[in-house]
A.B. asks: 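Got a structure here, written out as structure tokens. Questions coming.
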Number of protein chains: 2
Amino acid sequence: MLQEIQKRKSTRKYTSKPVSDNQIIQLIESARLAPSGSNTQPWNFIIVRADDIKSKIAEVNNNQAWMKNAPALIVCVADIRCRIKDDSEIYLDENSDLPELKQIIRDTAIAIEHILLEAESLGLSSCWTAWFTQDGIRPVLEIPNDKYVVGVVAIGYSDGEGKSAPRRPLESMIRHEKW
Amino acid sequence: MLQEIQKRKSTRKYTSKPVSDNQIIQLIESARLAPSGSNTQPWNFIIVRADDIKSKIAEVNNNQAWMKNAPALIVCVADIRCRIKDDSEIYLDENSDLPELKQIIRDTAIAIEHILLEAESLGLSSCWTAWFTQDGIRPVLEIPNDKYVVGVVAIGYSDGEGKSAPRRPLESMIRHEKW
């Protein structure tokens, strides 16, 4: 198995060792190569290093104070305009029923997971977070209402061991030929 | 960069070389280790090798005849019952507005992408597909209405080179500190 898949775990405690711009670029490059439906590539990434913005993100993200200590946060934003190309007004949130929103969430999640695995390969640790509402997080980053924040990924060097979350047994998730 | 990310491309032409049960197990094991919101692990995988079922899947998947020649298809099904635990009746489709559906699509997409990258590491090729409707694909596999098929992944050995889809330039997807 890919070592990066095996070793990866959600890390919420980081050392003060900085993450370089070059490392961040490599992470985004790995996301750039992700597959997407009809090659629509809905993903966009806001790199956040400023303490005040990290604090605000942590606050609207269920007050997860540990996020402020991550050297970098990557705010991962899906853009529905790759699928709905007219200039109609679109407001997206957790209760939207648009089929295209489901597609851009799927595709952006794929790209985000590339970032997490690439981070492992660079010796970095990471954590997906999504404990926010669109109405809570978008204003913090001046994100328009027709974009959807799929996740905020913390990136840094792990401070300590951490532990892996338990998983369902393999046989519970496999079926053959039909449900 | 992770070689698997760099090398991966959507493969729609497969040789007749079979994929072993052991290889499939390794793919699902890689998915099993994926992160998910609140560790809900909504994913389930139906392994399809039977020709008649592969044909029906290809048919409801916008008649993508090439799928019949993939040695195995993995139908990736998200289960909302990891989040909505009561026994209320739930019918999911592309137009559902449930916030939990967005969460299970995101989390299942993460696990699916592990399968694709792990396939690369095993020398296999793959292709995400999702050109179906829930009403079209669920009956083929007897999947209940409260489950959502996030994708069907074709797995096999590539027959030929194929080509990578073009991607947006890196700088078009990166912003700093705000949108």
Side-chain angles (χ1 to χ4, degrees), chain A residues 1-2 4-6 8 10 25-26 28-35 37 39 41 43-50 53 77 94-97 99 101-102 105-107 109-110 112-114 116-118 121 128 130 141-144 147 150-151 165-168 170 173-179, chain B residues 1-2 4-6 8 10 25-26 28-35 37 39 41 43-50 53 77 94-97 99 101-102 105-107 109-110 112-114 116-118 121 128 130 141-144 147 150-151 165-168 170 173-179:
Chain A
M1 170 158 334
L2 260 182
E4 287 74 9
I5 288 177
Q6 208 151 29
R8 189 210 57 77
S10 299
I25 292 292
Q26 288 181 69
I28 308 299
E29 175 64 14
S30 78
R32 193 179 79 93
L33 300 178
N39 197 30
Q41 311 168 63
W43 46 71
N44 297 274
F45 305 99
I46 307 176
I47 316 303
V48 176
R49 294 180 178 278
I53 304 181
V77 185
E94 290 72 15
N95 298 300
S96 302
D97 63 1
L101 177 58
K102 298 169 183 74
I105 288 173
R106 174 197 66 204
D107 291 340
I110 298 171
I112 296 175
E113 191 60 9
H114 278 208
L116 270 79
L117 297 177
E118 180 64 17
S121 85
W128 263 89
L141 297 140
E142 299 177 28
I143 299 170
K147 320 298 177 212
V150 178
R167 292 296 194 284
R168 293 164 54 200
L170 193 69
M173 54 187 72
I174 300 182
R175 292 162 194 251
H176 292 276
E177 308 300 342
K178 68 182 184 74
W179 180 265
Chain B
M1 170 159 334
L2 260 182
E4 287 75 8
I5 288 177
Q6 207 152 29
R8 189 210 56 78
S10 298
I25 291 291
Q26 289 181 67
I28 308 298
E29 174 66 12
S30 78
R32 194 179 79 93
L33 301 177
N39 198 30
Q41 310 168 63
W43 45 73
N44 297 273
F45 305 99
I46 307 175
I47 315 303
V48 176
R49 294 180 179 279
I53 305 181
V77 185
E94 290 73 15
N95 298 300
S96 302
D97 63 2
L101 177 57
K102 297 169 185 76
I105 289 174
R106 174 197 65 204
D107 292 339
I110 299 171
I112 297 175
E113 191 60 7
H114 278 208
L116 270 78
L117 297 177
E118 180 65 15
S121 86
W128 263 91
L141 297 139
E142 300 177 29
I143 299 171
K147 319 298 177 211
V150 179
R167 292 297 193 284
R168 292 164 52 200
L170 193 69
M173 53 186 73
I174 300 182
R175 292 162 194 252
H176 293 275
E177 308 301 341
K178 68 183 184 74
W179 179 266

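Letters go in sequence order (proteins before strands), and every chain restarts at 1. Small disclaimer: the values here were computed from a predicted structure and weren't measured.
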A.B. asks: Under 4.5 Å, counting heavy-atom pairs only, tell me which of A:A31, A:G37, A:P166 racks up the most with chain B.
C.D. replies: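 Highest number of pairs under 4.5 Å: A:P166.
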A.B. asks: To the nearest 0.5 Å, what is the distance between CD (B:E118) and CG (A:L117)?
C.D. replies: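 The CD atom of B:E118 sits 10.5 Å away from the CG atom of A:L117.
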A.B. asks: With respect to chain A, which residue among B:N39, B:L141, B:I46, B:I53 yields the maximal number of heavy-atom pairs within a distance under 4.5 Å?
C.D. replies: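 The candidate making the most pairs under 4.5 Å is B:I46.
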A.B. asks: With respect to chain A, which residue among B:K147, B:R167, B:E142 yields the maximal number of heavy-atom pairs within a distance under 4.5 Å?
C.D. replies: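 Looking at each of B:K147, B:R167, B:E142 in turn, B:R167 comes out on top.
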A.B. asks: Shortest non-hydrogen contact from B:W128 to A:I110?
C.D. replies: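 Smallest interatomic distance, heavy atoms only, reads CZ2-CD1, 3.3 Å.
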A.B. asks: So which of A:I5, A:V77, A:I112, A:I25 has the largest heavy-atom pair count under 4.5 angstrom toward chain B?
C.D. replies: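 Among the listed options, the one with the most contacts to chain B is A:I5.
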A.B. asks: Name the member of A:D107, A:L116, A:L170, A:L101 that forms the most heavy-atom pairs with chain B at distances under 4.5 Å.
C.D. replies: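 The residue among A:D107, A:L116, A:L170, A:L101 with the greatest pair count is A:L170.
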A.B. asks: What is the distance from atom CG of A:N44 to atom CD1 of B:I174, rounded to the nearest 0.5 Å?
C.D. replies: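 Answer rounded to 0.5 Å: 10.0 Å.
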A.B. asks: Sort A:I28 into side chain, backbone, both or neither according to what part of it lies under 4.5 angstrom from a heavy atom of chain B.
C.D. replies: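 For A:I28, heavy atoms of backbone and side chain both lie under 4.5 Å from chain B.
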A.B. asks: For chain A, which of B:P35, B:A130, B:S96 has the most heavy-atom pairs under 4.5 Å?
C.D. replies: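 When all of B:P35, B:A130, B:S96 are compared, B:P35 has the most.
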A.B. asks: Can you tell me which of A:V48, A:I105, A:L33 forms the most heavy-atom pairs within a distance under 4.5 Å of chain B?
C.D. replies: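 If we count pairs closer than 4.5 Å to chain B, A:L33 comes out on top.
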A.B. asks: Would you give the length of the straight line joining atom NZ of A:K102 to atom NZ of B:K102, rounded to the nearest 0.5 angstrom?
C.D. replies: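 Reported to 0.5 Å precision, the distance equals 5.5 Å.
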A.B. asks: Which atoms of B:N95 are under 4.5 Å from chain A, going by heavy atoms: the side chain, the backbone, both sets, or neither?
C.D. replies: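 Contact with chain A involves both backbone and side-chain atoms of B:N95.
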A.B. asks: Who wins among A:E94, A:R175, A:E29, A:R32 for the most heavy-atom pairs under 4.5 Å with chain B?
C.D. replies: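 With the most close heavy-atom pairs to chain B, the winner is A:R32.
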A.B. asks: So, does A:R49 use its side chain to make a donor-acceptor pair with the main chain of B:H176 at under 3.5 Å?
C.D. replies: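 Side chain of A:R49 to backbone of B:H176: no pair is present.
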A.B. asks: At what distance, to the nearest 0.5 angstrom, does CD1 of B:I143 lie from NZ of A:K178?
C.D. replies: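 Result: 11.0 Å between the selected atoms.
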A.B. asks: Nearest 0.5 Å, what's the CZ-CE distance between B:F45 and A:M173?
C.D. replies: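 Atom-to-atom, B:F45:CZ and A:M173:CE are 7.0 Å apart.
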A.B. asks: Heavy-atom cut-off 4.5 Å, strictly under: side chain, backbone, both or neither for B:W43 against chain A?
C.D. replies: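 When you check distances to chain A, atoms from both the backbone and side chain of B:W43 fall under 4.5 Å.
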A.B. asks: Scan B:E4, B:R8, B:E113 and name whichever one has a side-chain hydrogen bond (donor to acceptor under 3.5 Å, both in side chains) with A:H114.
C.D. replies: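 Single pass found, and it is B:E113.
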A.B. asks: For A:L2 and B:S121, work out which heavy atoms get closest and say how close.
C.D. replies: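 Taking every non-hydrogen atom into account, CG-CB, 3.9 Å.
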